[in-house]
Amino acid sequence: MKPGKYFCFVALLLLFYFTPASFFAQLHKMPAYPLITHNPYFSVWSFSDTLNSSTTRHWTGSNQSLTGLVKVDGKTYRFLGKEDEVYSTLLPTADETTYQVKYTESNPGTGWMNNSFDDSRWQTAAAPFGDNNEAATQWHSHDIWVRRIFDAGNTNFQRLFLKIIHDDNAEVYLNGEKIYTLTGWLNKYKYIPLTAAVKQKLRAKNNVLAIHVANTAGGAWLDAGLSAQTPVKDNPAISLARQNSVTVKATQTIYNFACGGITLDVMFTSPLIITNLDILSRPVSYISFRATSANGAAHKVQVYFGASTDLAANTAAQEMVIP
């Protein structure tokens with residue numbers, strides 16, 4: 001570490017050490033709230049101030065959906081999670097199925113992204129392209145140009161997304177029009193929303209998804225497709241629980257909700273106690289529920305908790321098998 005950086009680091013530590021406790025007392029909101037934090041892989045967070053206004057996610061942003069419902073005297077309330085938007089495949093990526101494209105590693109000149117371009121001299125190979133053993137086709141040069149011809153079929157959907165992962169700089173065209181560009185790389189699949197005008201350019205047959213990627217440093221990778229989306233509608237039979245409070249402690253995050261005639265406490269506990277190695281090494285987190293009558297009357301209470309199979313998958317397209 002350079003001397004200047006070391007000095008800044010020490011100064012930062014001193015700042016926090018001597019800052020009055022009242023400074024921290026002003027913190028009422030957090031960028032994200034820890035729910036399950038056992039290790040970097042088994043880690044689920046809420047990225048909203050209320051637990052039921054967003055889908056719970058891994059700290060990297062990937063969906064790790066937890067759902068919680070409580071039925072009080074026959075009425076159902078959602079206190080945990082939210083149904084995420086569902087993507088359907090229009091043009092699959094390699095994590096979904098095998099596909100082939102035309103490609104070249106030599107500069108094809110102008111017009112290579114247009115539907116009328118003659119790619120008959122380009123090579124044909126399977127995606128994804130990359131420089132490691134996971135790639136279907138090896139790519140070790142600086143640049144690659146890819147053309148993928150496809151039929152769109154039924155385009156009766158509301159939104160269109162480019163699903164892509166690339167390393168490094170990428171530019172993407174649909175039927176000759178640029179729809180995406182990024183100087184940099186993506187280390188996981190990302191859904192890029194496309195405009196209604198781009199969606200209108202889709203044809204029933206003979207569409208062209210054209211991509212150029214420049215490998216400027218490090219690894220090389222390319223895989224891309226198209227997805228459609230229809231927004232998920234809320235179930236009118238399920239009401240939102242009203243969140244009263246949230247408290248974050250060293251090993252717990254505790255929420256309190258008002259649900260009809262009761263209050264509901266939801267406690268997420270990851271017992272990472274460094275002085276107890278047996279507990280610390282145990283890959284278990286706990287979710288506890290406590291219902292209390294808010295009006296002194298008796299109430300019938302049922303709690304449902306659900307966890308998506310995304311918690312056990314590297315990508316959402318992976319098939320889950322229950323033994």
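With sequence neighbours left out, the ring pair (Phe, Tyr, Trp, His ring centres under 6.0 Å) criterion links Tyr99 to no other residue. Residues passing the side chain to side chain donor-acceptor pair (under 3.5 Å) test with Asn206, sequence neighbours excluded: none.
To the nearest 0.5 angstrom, Asn215 atom CG is 11.0 Å from Leu222 atom CG. Residue Asn187 holds its CG atom at 6.5 Å from CD1 of Ile165, rounded to the nearest 0.5 Å. Atom OG of Ser285 and atom CD of Gln252 lie 11.0 Å apart (nearest 0.5 Å). In this structure, Gln302 CD and Asp73 CG are separated by 10.5 Å, a value rounded to the nearest 0.5 Å.
Close placement of the Tyr87 and Phe161 rings is indicated, their centers lying within 6.0 Å of each other.
A donor-acceptor pair shorter than 3.5 Å cannot be found between the side chains of Lys163 and Ser227. For the residue pair Ser65 / Asn63, no side-chain donor-acceptor distance below 3.5 Å is found, with atom types taken as modelled. No side-chain N or O of Gln243 forms a donor-acceptor pair with one of Thr50 less than 3.5 Å apart. No side-chain donor from either of His58 and Gln64 sits under 3.5 Å from a side-chain acceptor of the other. Side-chain contact, Ser116 with Asn114: no donor N or O sits under 3.5 Å from an acceptor N or O.
Few gaps surround CH2 on Trp221; more than 12 heavy atoms of other groups in view lie less than 6.0 Å from it.
Listed for the Arg78 side chain is a donor-acceptor partner under 3.5 Å among the backbone atoms of Asn52. His142 contributes no side-chain N or O that, together with a main-chain N or O of Ala214, makes up a donor-acceptor pair within less than 3.5 Å. A donor-acceptor contact shorter than 3.5 Å is absent between the side chain of Glu105 and the backbone of Asp143. Judged purely by atom type and a 3.5 angstrom limit, Asn276 uses its side chain to pair as donor or acceptor with the backbone of Asp278. With Thr55 contributing its side chain and Lys82 its backbone, the two residues share a donor-acceptor pair below 3.5 Å. Remark: the backbone N or O of Ala220 is paired with a side-chain donor or acceptor of Asp131 at under 3.5 angstrom.
For Asp223 against Asp95, the heavy-atom pair with the smallest separation is OD2-N, 3.9 Å.
Partner of Tyr103 under the ring-ring contact (aromatic ring centres under 6.0 Å, His included) criterion, out of Trp139, Phe129, Trp112, Trp122: Phe129 alone. Among Ile164, Ile192, Thr89, Leu194, the single residue meeting the side-chain contact (heavy atoms from CB on, under 4.5 Å) criterion with Leu226 is Leu194. Just one residue in the list Asn256, Thr263, Asp265 forms a side-chain hydrogen bond (donor to acceptor under 3.5 Å, both in side chains) with Arg290, and that residue is Asp265.
Note on Val70 and Phe305: same hydrophobic cluster, where clusters join Ile, Leu, Val, Met, Phe, Trp and Tyr whose side-chain heavy atoms are under 4.5 Å apart, directly or indirectly.
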